Amino acid sequence: MIRKPLILLVEKALGKGVNSGALLAGTFPPVMIGVPSNPEHGDYSCNIAMQLAKKESAPPRRIAEIIISNIDDSDYLLEKVEIAGPGFINFYISQDAWQKALLEIERQGGSFGRSGAGEGKKVQVEFVSANPTGPLHIGHGRGAAIGDSVSRLLEATGWDVTREFYYNDAGQQIANLALSVQARCKGVEPGEPGWPVDGYQGEYIKDIASSYLAKEVVDASDQHIAAAGDPDDLEAIRRFSVASLRREQDADLKAFDVRFDVFTLESSLYSRGLVEYVVRALAENGHSYEADGALWLRTTAFGDDKDRVMRKSDGSYTYFVPDIAYHLDKWERGFIRVVNEQGSDHHSTITRVRAGLQALGKGIPEGWPEYLLHQMVTVMRGGEEVKISKRAGSYVTLRDLIDEVGRDAVRFFFIMRKPDAQLVFDLDLAKEQSPENPVYYLQYAHARICSIFENAAGKGFDAGRIQGADVVSSLESPEELEIMKLLSALPHVVSESAANFEPHRLTGYLTDLAGSFHRFYNKSRVISDNSRTTLARLYLLERTAQVFRNALDILGISAPERM
RNA sequence: GCGCUUGUAGCUCAGCUGGAUAGAGCAACGGACUACGAAUCCGUAGGUCGGGAGUUCGAAUCUCUCCAAGCGCGCCA
């Protein structure tokens, strides 16, 4: 909000410098504006003069002088401009500009922080994509939180987002699932004769078996299945089991407030003939060959370290063939961008999927689709690591976590660190609703502001109906300025978060904002005998609350008015 | 052995895409409520940015090389 006009000022100054002959013509690097770590160096600084020193063959400080002398600050954005150190240009923003920024925040209201940068173009975000072989666990939770936040960030920057969930409803894992349920139907326990190799041992398998025998009906998001109740009908068991688990996962996602626009079933790629089509197309393009009774794709031609089997000697396809078919389908549905959010344990699929898409020769860009990988979550309970094993049935489910910790805290914890760093989830700490928990820290800030508004209302002040233009000039204390500076940074933080798929930047921003509010609160009284100061501060806090709500909304976290 | 990711204060982590004196929260110690929510604030202490070399005006950030951890490296998904 301040940064952009500043960049424009510098760019215009460069242009004027060229016109007057003081600077050499040519292309300039993009103007970068940074925030100095030392506040004495101004509100913003620019290093363009040092970057140009070589090209202009002039000392950076002289270039900086030329730029400064050509700056036309007609809107009185700047208090002063200085050259410092080796050639930094330090900008000191006028109080007037910070104060006026508040008026702009009020004007933009709920849309402040958002932008139209994506121009309404279509982007698909695929995430979670858990197979229906068990409830969602804590790892899926991280994927759900990151995927949903990134989707919201993309929406906030003007993209038309489709949230998509892909699941494997065929194949070996599902066969195992069906066999496990069947064994339970027949009263076979894990380890006993007749228990399937690699069977799923969790309690939920037993539950599905008894529901099946009781001929229950299951309604999942995309399926309506009535149990046959016949323990010998493996196909009926498979369909019932998948639907049952889909229903459970739907409920988990709903509890987490994560919704999907499209569910794609792997089986549909076969039934629509897409898998066969892809295999044929790859063969026709000369990228496949037969060896050892199998059909191979020459992925080494596209950067892989070895070729991969497409069709096994038993005639079935390996998982990555439907994956390619699925992504071709995404492309043909018109998504110029696709973001796949998944666990980093699947990172080896990236090369294969992209290789397959390149081999199809459809003109799909090499870097398409984009991938966003998150590292593993380790769960600590009682100071010990909880081992996650789906087959043994011992793991923390997402549902347990939400029930114990609360949806907002779980979401916040999952996104507060950059996705590619491992996450230690300390259950005991997260359950403890203490101030160590950063989500309480910032929700408290919002609740505290709302509480001030209530008090103000009791004294006849309506924080929502203050004429900002009349009072903002009273806002000039260091604490007030600190808040104003942070507020106007929101659009930049949102666009950077979205561009890099880094929701944690926004959580960090919110923690900073909460901190500067709490500092202000402890230092200054909002409601006082001085009505002009009171009105000005209420006006400032009204904008602050707005920014909390806008930013928390982009993260899918609530902004409670009391706690 | 190869690939991806990570390594920053005692612990958990930031560090705005190469900028100026590396930051925050916990934990430790010392302070602040007879007024708007003390779920808060202020102060003190705490560092070889894993080690080494290189690139340049300038490196936690880029390159190379070691060391350590996690995850991959199936005719599993």
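As the structure is a prediction and not an experimental result, all values here were calculated from the model. In the text below, chain A, chain B and the rest are named by the order of the sequence lines, each starting its count at 1.
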Item to check | rA20(B) pyrimidine/purine six-ring stacking with F88(A), under 5.5 Å and 30° | outcome: yes
Checklist entry - Reckon S37(A) touches a base, only the sugar-phosphate, or nothing at all at heavy-atom distances under 4.0 Å? => result sugar-phosphate
Checklist entry - In terms of side-chain geometry, is the basic nitrogen of D323(A) or R352(A) positioned less than 4.0 Å from the acidic oxygen of its partner? => result no
Checklist outcome for this item: K4(A) NZ to rC16(B) C1', in whole Å, measures 15 Å
Item to check | Side chain N38(A) and base rA22(B) donor-acceptor under 3.5 Å | outcome: no
Checklist entry - Is the H518(A)-Y441(A) ring centre distance short of 6.0 angstrom? => result yes
Next on the checklist: Between D292(A) (side chain only) and A294(A) (backbone N and O only), is there a donor and an acceptor less than 3.5 Å apart?
Outcome noted: no
Checklist entry - Quick one: is the NZ or CZ of K55(A) closer than 6.0 Å to the six-membered ring centre of F28(A), and within 45° of its axis? => result yes
Item to check | R417(A) side-chain proximity, nearest of rC36(B), rC13(B), rU40(B) | outcome: rC13(B)
Item to check | Contiguous pairing runs of three or more, Watson-Crick or G-U under 3.5 Å, that involve RNA chain B | outcome: B:1-7 with B:67-73, B:10-13 with B:23-26, B:28-32 with B:40-44, B:50-54 with B:62-66
Checklist entry - Looking across every strand, which nucleic acid part, if any, lies under 4.0 Å from K54(A) by heavy atom: base, sugar-phosphate, or nothing? => result sugar-phosphate
Item to check | Aromatic-base stack, H504(A) on rA14(B), cutoff 5.5 Å, angle under 30 | outcome: no
Next on the checklist: As a test of the definition: with a 90° window around 0 for syn, would you call rC33(B) syn or anti?
Outcome noted: syn
Checklist outcome for this item: Closest of rA14(B), rG19(B), rC16(B) to the R505(A) side chain is rC16(B)
Can you give the donor-acceptor pairs under 3.5 Å from side chains of residues 410-421 of chain A to other protein atoms, not counting sequence neighbours?
{"unit_1": "R411(A)", "atom_1": "NE", "unit_2": "G556(A)", "atom_2": "O", "d": "3.4"}
{"unit_1": "R411(A)", "atom_1": "NH1", "unit_2": "F256(A)", "atom_2": "O", "d": "2.8"}
{"unit_1": "R411(A)", "atom_1": "NH1", "unit_2": "D257(A)", "atom_2": "O", "d": "3.3"}
{"unit_1": "R411(A)", "atom_1": "NH2", "unit_2": "D148(A)", "atom_2": "OD2", "d": "2.2"}

Checklist entry - What nucleotide among rU40(B), rG19(B), rA20(B) has an atom nearest to a side-chain atom of N47(A)? => result rG19(B)
Checklist entry - Which part of the nucleic acid does R519(A) contact within heavy-atom distance under 4.0 Å: base, sugar-phosphate only, or nothing? => result sugar-phosphate
Next on the checklist: Can you see whether Y539(A) has R543(A) sitting over its ring - NZ or CZ less than 6.0 Å from the centre and within 45° of the normal?
Outcome noted: yes
Item to check | Lys NZ or Arg CZ of R448(A) over Y521(A) ring: under 6.0 Å, within 45° | outcome: yes
Next on the checklist: Under a 4.0 Å threshold between the charged nitrogen and the carboxylate oxygen, would E482(A) count as salt-bridged to R519(A)?
Outcome noted: yes
Checklist entry - At under 4.0 Å between heavy atoms, what does H518(A) touch on the DNA or RNA strands: base, sugar-phosphate, or nothing? => result sugar-phosphate
Checklist entry - Considering only side-chain heavy atoms of M50(A), which listed nucleotide, rC36(B), rC57(B), rC41(B), is closest? => result rC57(B)
Checklist entry - If you look at every strand shown and take non-hydrogen atoms under 4.0 Å, does M563(A) touch a base, only sugar-phosphate, or nothing? => result base
Is there any protein nitrogen or oxygen under 3.5 Å from a nitrogen or oxygen in nucleotides 71-76 of chain B, and what are the pairs?
{"unit_1": "rG72(B)", "atom_1": "O2'", "unit_2": "S348(A)", "atom_2": "OG", "d": "3.4"}
{"unit_1": "rC73(B)", "atom_1": "O2'", "unit_2": "K306(A)", "atom_2": "NZ", "d": "3.4"}
{"unit_1": "rG74(B)", "atom_1": "OP2", "unit_2": "K306(A)", "atom_2": "NZ", "d": "2.8"}
{"unit_1": "rC75(B)", "atom_1": "O2", "unit_2": "S313(A)", "atom_2": "N", "d": "2.8"}
{"unit_1": "rC75(B)", "atom_1": "O2", "unit_2": "S313(A)", "atom_2": "OG", "d": "2.9"}
{"unit_1": "rC75(B)", "atom_1": "N3", "unit_2": "S313(A)", "atom_2": "OG", "d": "3.4"}
{"unit_1": "rC75(B)", "atom_1": "N4", "unit_2": "D292(A)", "atom_2": "O", "d": "2.5"}
{"unit_1": "rC76(B)", "atom_1": "OP2", "unit_2": "K312(A)", "atom_2": "NZ", "d": "2.6"}

